[in-house]
Asks: 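My questions all concern the structure below.
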There are 2 protein chains.
Amino acid sequence: MAAAVERFNGYYIRLPSVRKLSFTTLSVLHTLAERGPVRLGELTATEQVTQPAITQMITKLEAEGLVERLPDPSDGRAVLVRLTAAGRTVVADRRNDRVARLSPLLDRLTTAERAALAAALPVLERLAALAQSDEG
Amino acid sequence: MAAAVERFNGYYIRLPSVRKLSFTTLSVLHTLAERGPVRLGELTATEQVTQPAITQMITKLEAEGLVERLPDPSDGRAVLVRLTAAGRTVVADRRNDRVARLSPLLDRLTTAERAALAAALPVLERLAALAQSDEG
DNA sequence: TAACTTATCTAAGTTACTTATGTAGTCTTC
DNA sequence: GAAGACTACATAAGTAACTTAGATAAGTTA
């Protein structure tokens, strides 16, 4: 869908208003941005939805030019999903948006307050890791 | 719907599996638990959905006995929404569940790590207050 | 009191999910 | 090495939480 890609590229600054992406969809795009090409079944495991839901979502995102399906060379049944350039733009754009909203608020905190937030981040990551290790 | 109430009361420990409550629904119940009786329109403002969505959700929750509609004495058009005892049980039950899941994880952190999390909480509250004051 | 506004409700359509099932590639076992 | 079982994904059909558009009834204003 080259037309969709061009449209996204041309107006990427307004992307959030071009198509509203659901929470789950955004989570998938984020996962793909972090982990690179991933099998469809792996997305089923990480997101909290069923496998057909992922199939349908990826079909839509592919039609919009945000992701692409690739054959998995190691398994003829499997499908690898990868972000396109347009897809990476969406993710980066959203991150920039978050930063733009948060920065002016953080600027109004004291140095000590910002330090308290920064000190909590690694603890939260460790907590998340503990929770995840308990599942497996 | 007395039957629904009794069912909720009788089996409240398993409530989360009786009916899956959507994210928005849970947010509304939480808002009602925090702020007490609230006008339907006020819920429209705090949650991120349209007014008809709130009307429909409250109708469902009322049928299940979790909330009740009251006339607003100060405005004949308005409707006040209030948690029932069963609704409060749902909220309390979920909170207990969160505590039960988090506590064993927090126990595995060091004292310093727990202190870092505790120190960040008031900062996050202040940050949220700053964000909210910018909207109005 | 007529015109306007506000608070909620109703109706109809959309969309992101679900469960159930189909299909093709891979593994196992004798 | 072929048959059966399993796995990865796709398709189909139904559900539930939303949406927009429009109706109703209470309150406000000129």
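Letters go in sequence order (proteins before strands), and every chain restarts at 1.
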Asks: So Glu34(B) and Thr31(B), side chain to side chain contact (heavy atoms under 4.5 Å, CB included) or not? Walk me through it.
Replies: CA-CA 5 Å; Glu34(B) 268 188 334; Thr31(B) 299; 5.6 Å; no
Asks: Can you check the Leu26(A) CG to dC17(C) C1' distance for me, whole Å?
Replies: 16 Å
Asks: Any residue in residues 53-61 of chain B with a heavy atom nearer than 4.0 angstrom to DNA chain D? Just list them by number, or reply none.
Replies: Ala53(B), Gln56(B), Met57(B), Lys60(B)
Asks: In whole angstrom, give the distance that lies between atom CZ of Arg39(B) and atom C1' of dT8(C).
Replies: 10 Å
Asks: Specify the residue among Asp75(A) and Gln48(A) whose closest nucleotide of DNA chain C lies further upstream toward the 5′ end.
Replies: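 The residue mapped nearer the 5' terminus is Gln48(A).
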Asks: Counting only side-chain N and O atoms of Thr50(A), is one of them less than 4.0 Å from OP1 or OP2 of dT18(C)?
Replies: yes
Asks: Can you measure Glu42(B) atom CD to dT8(C) atom P for me and round it to whole angstrom units?
Replies: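 Rounded to whole Å, this separation is 10 Å.
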Asks: Let me see the working for Arg39(A) and Asp75(A) under salt bridge (Lys or Arg N to Asp or Glu O under 4.0 Å), right down to the final yes or no.
Replies: CA-CA 10 Å; Arg39(A) 281 164 67 144; Asp75(A) 189 335; 3.7 Å; yes
Asks: Rounded to whole angstrom units, what separation is found between the CZ atom of Phe23(A) and the P atom of dC18(D)?
Replies: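 Phe23(A) atom CZ is separated from dC18(D) atom P by 14 Å.
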Asks: Check this for me, if you would: do Asp134(B) and Arg108(A) make a salt bridge, where the nitrogen-to-carboxylate-oxygen distance has to be below 4.0 angstrom?
Replies: yes
Asks: Is it true that, when you exclude Arg69(B) itself, more than 12 heavy atoms of the residues, nucleotides or ligands shown sit nearer than 6.0 Å to its CZ?
Replies: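 Buried by this count: over 12 neighbours within 6.0 Å.
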Asks: What is the nucleic acid contact for Thr24(A), judged by heavy atoms within less than 4.0 Å: base, sugar-phosphate only, or nothing?
Replies: sugar-phosphate
Asks: On DNA chain C, does the nearest nucleotide to Arg77(B) precede the nearest nucleotide to Gly76(A) from the 5' side, or the other way round? Give the residue.
Replies: Arg77(B)
Asks: Establish, from distance only, whether the side-chain atoms of Thr46(A) and Arg35(A) form a donor-acceptor pair under 3.5 Å.
Replies: no
Asks: For Gly65(A), is there any backbone N or O sitting under 3.5 Å from a side-chain donor or acceptor partner on Thr84(A)?
Replies: yes
Asks: Whole angstrom is fine here: how far is it from CG in Asp72(A) over to P in dT7(D)?
Replies: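 It works out to 17 Å between those atoms.
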Asks: Measure the distance from NZ on Lys20(B) to C1' on dT19(C) and round it to the nearest whole Å.
Replies: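 Going from NZ in Lys20(B) over to C1' in dT19(C) covers 13 Å.
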Asks: Side chains of Ser27(B) and Thr24(B): donor-acceptor distance under 3.5 Å anywhere?
Replies: no
Asks: What is the distance, to the nearest angstrom, from the CZ atom on Arg69(B) to the C1' atom on dA7(C)?
Replies: 12 Å
Asks: Using purine N1 to pyrimidine N3 plus N6-O4 or O6-N4 for Watson-Crick, or N1-O2 and O6-N3 for G-U wobble, both under 3.5 Å, which nucleotide pairs with dC4(C)?
Replies: dG27(D)
Asks: Could you check how far CG of Leu21(A) sits from P of dT15(C), rounded to whole Å?
Replies: 13 Å
